[in-house]
There are 4 protein chains.
Amino acid sequence: MSHNTFGHLFRVTTWGESHGPALGCVIDGCPPGLPLTPEMIQVWLEKRRPGLGKFVTQRQEPDAVRILSGVFEDERTGGPVTTGTPISLLIENTDQRSKDYSEIAQAFRPGHADYAYFAKYGVRDYRGGGRSSARETAARVAAGAVARRILEGVTIRAAVVQIGPHAIDRSRFDWAQTLENPFWAPDAAIVSVWEEHLETVRKGGSSTGAIVEVEATGVPAGWGAPLYAKLDAELAAALMSINAAKGVEIGSGFAAAAFSGEENADEMALGLKGVEFTTNHAGGVLGGISTGAPVVARVAFKPTSSILTPRTSLNEAGEQIELRTKGRHDPCVGIRGAPVVEAMVACVLADAYLRHRAQTGGGAFAPGQRDRIA
Amino acid sequence: MSHNTFGHLFRVTTWGESHGPALGCVIDGCPPGLPLTPEMIQVWLEKRRPGLGKFVTQRQEPDAVRILSGVFEDERTGGPVTTGTPISLLIENTDQRSKDYSEIAQAFRPGHADYAYFAKYGVRDYRGGGRSSARETAARVAAGAVARRILEGVTIRAAVVQIGPHAIDRSRFDWAQTLENPFWAPDAAIVSVWEEHLETVRKGGSSTGAIVEVEATGVPAGWGAPLYAKLDAELAAALMSINAAKGVEIGSGFAAAAFSGEENADEMALGLKGVEFTTNHAGGVLGGISTGAPVVARVAFKPTSSILTPRTSLNEAGEQIELRTKGRHDPCVGIRGAPVVEAMVACVLADAYLRHRAQTGGGAFAPGQRDRIA
Amino acid sequence: MSHNTFGHLFRVTTWGESHGPALGCVIDGCPPGLPLTPEMIQVWLEKRRPGLGKFVTQRQEPDAVRILSGVFEDERTGGPVTTGTPISLLIENTDQRSKDYSEIAQAFRPGHADYAYFAKYGVRDYRGGGRSSARETAARVAAGAVARRILEGVTIRAAVVQIGPHAIDRSRFDWAQTLENPFWAPDAAIVSVWEEHLETVRKGGSSTGAIVEVEATGVPAGWGAPLYAKLDAELAAALMSINAAKGVEIGSGFAAAAFSGEENADEMALGLKGVEFTTNHAGGVLGGISTGAPVVARVAFKPTSSILTPRTSLNEAGEQIELRTKGRHDPCVGIRGAPVVEAMVACVLADAYLRHRAQTGGGAFAPGQRDRIA
Amino acid sequence: MSHNTFGHLFRVTTWGESHGPALGCVIDGCPPGLPLTPEMIQVWLEKRRPGLGKFVTQRQEPDAVRILSGVFEDERTGGPVTTGTPISLLIENTDQRSKDYSEIAQAFRPGHADYAYFAKYGVRDYRGGGRSSARETAARVAAGAVARRILEGVTIRAAVVQIGPHAIDRSRFDWAQTLENPFWAPDAAIVSVWEEHLETVRKGGSSTGAIVEVEATGVPAGWGAPLYAKLDAELAAALMSINAAKGVEIGSGFAAAAFSGEENADEMALGLKGVEFTTNHAGGVLGGISTGAPVVARVAFKPTSSILTPRTSLNEAGEQIELRTKGRHDPCVGIRGAPVVEAMVACVLADAYLRHRAQTGGGAFAPGQRDRIA
C-alpha cells in the first residue's frame, strides 16, 4: 500500500484533514456498469456518523457525500452507473471548531500521533488531529460502500465483542442484536454492562478500548494469492491501518497458538452447496486463499488518547508539560470502528476478487469436477 | 504487496517450491556500496535451517546461498559491495524425497493450503506443499540478512513466548537466554516445560502452536507513513504473510482493548538521548510512524496441519477420505518462525527507512530544535 | 502507472470528466515544508487555460484551483507549506454546454476515443469526451506546479517546434521567443506561417498536428534507475499518456538511427562546473540515468479528431453514419499541449529525484572525487 | 514500473550482469494451466542469440534456459503447465572474457551508461557493461515467450525498417521476407544495401543505428486503460526501456504532426468480423485503448557506443583520456533488438489483457449488440 492509497486493482486514495474544508477519496479501477447513487453510499456513512449518541463524539457532521466523477446515466436503464473511470467522492467538513484545539497546537498528547507527525514532518495540521483524525475513516466507509457494489452475494457485518474489560458471552452471539443497540453488540445482555462502563469512562474524562469482530459470508473459494498478497495479509494491513488499531487476528487467531494440530484442523466434507468445513478455526483462509467458509477477523482498538486526565508530556519547544485534552472525543473509538472495519474488509475483498478474476478468469475448481466453475 | 513481491523501495520477490530444483529471491532497490558476502547471509540462514534438532523437521538441507548478481568488488576497499542493481539469491534443494508425498497428491490435508490452491489454480505442486511449504521462508531470511546491512544501528531480535498453552513468565524475560536453548525462549525456566510438551506432541504425531515476539531497538522517530503505509500496517501484512501466522499485534495489542486511556497513554519526557517514553504500550508506533521507542510485535502461529492422527477430509475426486500425513514435519512451526519474523521485520524497516529518506531526506525533528537532525 | 495514478513516490491521481461538476487530482508523497499557495499553481494553469486565443477552444473556464488538503501554516514562517499528507486540488467546471454534444451521444468520432471507451466499458460520459477530454490535462498542470516546488534548481520549458507540416528553423531557436507569441514558438519567423496555416485550418473546420520540444536544465547526474525505471522510459510513458500524443523521442531520437557511432557519442570533458558534454545527442540520459546535461524530449501530437468535415463512421447501434463534430475544439491541441508536456516532465523528475534520494541518499559521485557529493 | 520489474499483473523482474555467473527473471502473476516447457522459451531465445552472424557480437552463448519454479505436471494431460506461482528462469553465462574489459574498468565510454552508473552508484560491474549490457535482454525475450502463452490469437512480429540512413521501401513490405535474411528485413531489395553498409561499419570499427517496427494483430478492442495505463503509454515505457532505444512512436507517430484532421481520422465500417478501419494511423490504439486494428509501433535505436575509433572522454580519476573500445560488440544493436521489441510488446499485451479481464471480466461491447461479448 502506498502512503494514502490502498488496494491494487480496486484502489482507494483518501485525502483530507479533520478541520480542513473537506475530505474525500478517489476510487480507481472500479468495474463499469454498476448502479451507484449518493444514497447507496450515504446509508453506510450514517452508520459511522458522529453525533449519533452520547458515547460517540458530539461533533455534528451531516457527512453528506457528493459523487464528482466516474458515474453516468446508463443508456439502457437510465440510472446512474459506474463508468470504469475514477470515482471522486467528497464530504464537506461543516462543524469544525478549531478554537477547541489551540491549547494543544504545540503539545504532544501521550499515546497520540502528535509527536510522530512532528518528528517526521516538522509541520502538521494540529486541529482535531489533522490527518490522523478518525474523521478520515468517513472516506474509508464511502469507499467500502462502492466496494460492496462489486461484491454481489457477499455479506459483511461487524460486531463489537469487547469494550474495556467486558467481553460478550459468545454463547449468546446473535447478529440480529447488533442492529438493536448503539454498540453493535451481538449479545443483548452485555448492553447494560457496557452502558455503565462507558458512562463511568465518560464522566471520568477517560476512554476505553474495544475489540471488533467481522465476518464475511458468501466469499467463494479462490480469492487471495500466495505469498505476499495473501488474503489474510491484505486484511491485516487494511485493518491495522485503521486509527487506534493495535492487533488483528484471523479465525481463531492468537488462541490457535494453544491448540494441538487435531484441534486446529478444520475437517472437510461435501455438502449440498459443495465443500463444507465442520469448524472454522482458519477463519475462511488457508494458504492465503479463501476456502468458501466465512472469512472471520478481529481487530483490537486501543482507548482513544484524548482524555481529560492530565498526563505528563512534552511540547515542541522541548518543555515538560501536564496535558489534558478537551474537545469532543469518542470515549471508545472502537464503537464507531465497527462500520470502518466492515468497509475495509469490503475493499480488500473487492480487490481480491478483481485480482482473482485477472489471473484465473474467476470461478474455482471443485472436488469431483474437471473444470473451473463460476 | 504483489503476489510474490513485498516491499516498495526495498523490494523482495521470492520464488520456488519445496521440492523443485531450487528456491530464491531477487532483492531490488538495495542501496549501493554496502558490504555483502554470502557468509553475511548464511549466518542468518543457519538460524532457521531444518535438521538442527529433534523438534524441527528432519529434512537435511545445507541451505547454502549463492549470490548471482548485484554485488561487485569495491575499487576502494577491494571487498564485495552491493552495486544498487538487483541481488539474485539462490538456494538449491538437495534433500527432496518426493516419494514421501505420493499418498497425498490428490488429497486435501485439513487445515492445509492444499484445497485452497486446488480451488484457485486447478493444478499445484503437491510435493512437500510446493509453494505453500515453509521452505519458502529461507528466501525471506536471506532477504532479511540483506535488509540488515541497511539498518545500521537497529537491532532486531525475536523470542518464542508461548508454545501450545505454555506461556513464559514475563518477569523472567531475558534476551540473552534466547541464544541458550533451541526454542529461542527468553525464560530459562520454561525450557523444560516446552521440551516435555513437544516430546508429547512429537510422539503423538501431533503438532502445537506458538507465539513469537519481536523487538527492534534503535529505530529512530519518523519511519512509516500515514495512512496506508503505516509502519504497523506494513508489519501486520509482512508478519501475517508468514506460513501459519494467524494473528499480529503491536505493543500491548489485544490487551489494549481492556485498558483505560490513562493506562494506555505512554507518557513522555526528555532524557539524555532525546524523547523517552515511560512505558511502551504503543510498541514504538503512533499514528503509523515510529517514535524512537522499541518497535514491538507479536505473531501467533497455528499448529502445523501435517499430523499423523487421521482426519476426515476430501480428495480431488470429491471422495470422503481419512487422511494422516506422514513425512518430516515441524511439530511446532513457530520455533523456526522466530528467525523468519526477524527477517520480515528487517525488510519492513529497511523499506520504511528508504521511503522516509525519499520523502523527507531522512532524519527527524526533535523537541526544542528548529531543524531536522540526522 | 496505475489506471489514473502516475508516479511512484511523487504520486498523482487525477479524476473528473469534461462536463462533470469538477475535476482534480490528489498528490501523494510530496515532501513536507514546501511553500505552496493556490497562486503558485494558478500561474501554470493560466498557461494552458482555454479561451485565451482564437486558435484554442473558445470554452471559457476560469480554472480556479482550490487546495482542499495537505497544506498548513508553518509555525516558523507563518506561510502555508506542504505537510507531507495528500494534497487534494479541485477545479470546478463552469462552462459546460452539454447540449452541444447530444448529436454524438451514440456516435463514434473517427480518430477519437469514443469507440474504444464504448467497447471497453459499454457506458461512457460522452459529453465533451468525458474522461478522454483534454480538459483532464488541467489536473496534470496543477500537479506539475507542485512538482516544481520540489525541483529547486531545475528549469523546465517547452516550445512548439512544428505545426502541421511547418517546422521551425532550428538555427533561429530562441527560448525567449516562446513567451512572445501565442504558439510557444521559439522561432519568431515561423509565427506568421503558423498563423496563416491555423487560420486556414480553423476556417476549413479542420485541425492540425504539432510537435512539442521540452528541455529540463539543472538536472544533476544520477536521477533515474535501470532498467525499467529508466528516466527516459518514465518520460516516454508520461508524455505518451497525454491526449493525442503519438510519439516520444529523447535527445536525437529517431534521427539517431541514421547516425554512426562516432556521430552519436557525446564526448566528455571536465569543465568549471564538472563533467561537460560537447554534444547532447543522448538528451541528458544514458543507461536510463541522467548525466547532468539538459534532458531533452520531443512529443508528436496528432490533429484533434473533432472536425467539421463529415467522416464515415458508426454509431452504437451499428449503423453507418456520416459524422461532423460541432462544438468548441482546439484546431491544434499541440499548442495547449506545451504546458502539459512541461508539467509531466516536472512530475517525472520530482519522482525520479525522490527515488534517487531513497536509494542513495541523494547527490552523485564525480570524477576525481572519492565521495558522493550533494 | 519499478527498478527492475515491469508489468502490473503479469510482472517480470529481471536480474543479472553481463559477466556474472548467470542472468534471469522471475515472472509473477501468470495464469495457471498454460503448457510451458523450456523448449517453448528456447525457440525465442534463439532469435536474439549472439554469435549467429558476422554482424552481431561474436560472443558464443548457448543461452540455454532453465525453468526453476512455477511449472508442474498437469494431472489431466501429464504435461508441464504453469501453476500460477512465480516462474523463475535462469540462463547461465558461459563465455565471459572479463580480460577484454580491463582497460575500461575506470573509463567512461562516450555515449555509454558507464558514467551515469558511476555518478549514481559509485560502484559498478564494468565487465561487459555489467547490468547495462544488452545481454540482459535475454531475460526479456524469455519472459516474452511466457507472455505469448497467454496471448492466444495474437500474432506479434517485428521487422527492421531502417539501418543507418537506409530505410526500406514500404511498397515492398512483406512480412514473409523477415525470415529470409539475417536482418529481419521485410524488403528483399534492401538486404544487399544493408550488408554493404554494415560491412563498412564493421571494418571501420564503427557502429550504426536502426529502426524496428512491430505489429500485433488479433488484439481485440478494449485492452489498455485511461489515463496513465494507456496501452500506448505502457508500450512507450516498455520499448524505451530497451538498451539503446531513443524514440517510440505509435501508428503514424511523428508523421501525424503534419497531418490534417481529415487525413488522420481512420474511418470506420462494419465488416464481416465486426468493426473495421479503412486506415490505421492510430496504430490500433485510441484513447489508450485497443480498437481491434493491428497495434503498430516503431522504436529507434542509436548506434552502440562501443567503437574502435578513439573518442575524447574522462576516467574515474577525472583525467582526460582518449578511449577506443575493443571487445565483441554488435555493430548494429538494433538488429538483435527486433526479438526484444517483440518480447516487450508481448509482455505489455499480456499484462493489458489480465488488467482488462480484472476490471471488466474480459470481452468487449460491439456496435449493434446489447451485451459484452467474449
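Keep in mind that this is a model prediction, so the values were computed, not measured.
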Open item on the list: Testing the basics here: between A:K120 and B:I289, what is the closest heavy-atom pair and its distance to 0.1 Å?
Closed with: CD-CD1, 3.9 Å

Open item on the list: As an exercise: rank B:A282, B:S290, B:S207 by heavy-atom pairs under 4.5 Å with chain A and give me the winner.
Closed with: B:S207

TODO: Measure across B:A237 and A:A236 and return the closest heavy-atom pair with its distance rounded to 0.1 Å.
DONE: N-CB, 4.4 Å

Task: Trace of the side chain to side chain contact (heavy atoms under 4.5 Å, CB included) decision for B:I307 with A:E262 - done: CA-CA 8 Å; B:I307 51 177; A:E262 288 75 18; 3.7 Å; yes

Task: Under 3.5 Å: donor-acceptor pair, side chain of A:Q320, backbone of B:M268 - done: yes

Task: A:K230 versus chain B, the contacting section by heavy-atom distance below 4.5 Å - done: side chain

Open item on the list: Please identify, among B:P367, B:A116, B:G287, the residue contributing the most non-hydrogen atom pairs under 4.5 Å to chain A.
Closed with: B:P367

TODO: Compare every heavy atom of A:M240 with every heavy atom of B:D232, then report the nearest pair and how far apart it is.
DONE: O-CG, 3.5 Å

Task: Residue pairs fulfilling ring-ring contact (aromatic ring centres under 6.0 Å, His included) with at least one residue in residues 247-268 of chain B, sequence neighbours excluded - done: A:F254-B:F254, B:F259-B:H281

Open item on the list: Main chain of B:A265, side chain of A:R311: is a donor-acceptor contact present, judged purely on distance under 3.5 Å?
Closed with: yes

Task: Closest non-hydrogen atom pair between B:G261 and A:S206, with its separation - done: N-OG, 3.7 Å

Task: Engaged part of A:Y115 at the chain B interface, taking heavy atoms whose separation is under 4.5 Å - done: side chain

Task: Over all atoms of both residues, closest heavy-atom pair of A:L227 and B:R140 - done: CB-NH2, 4.1 Å

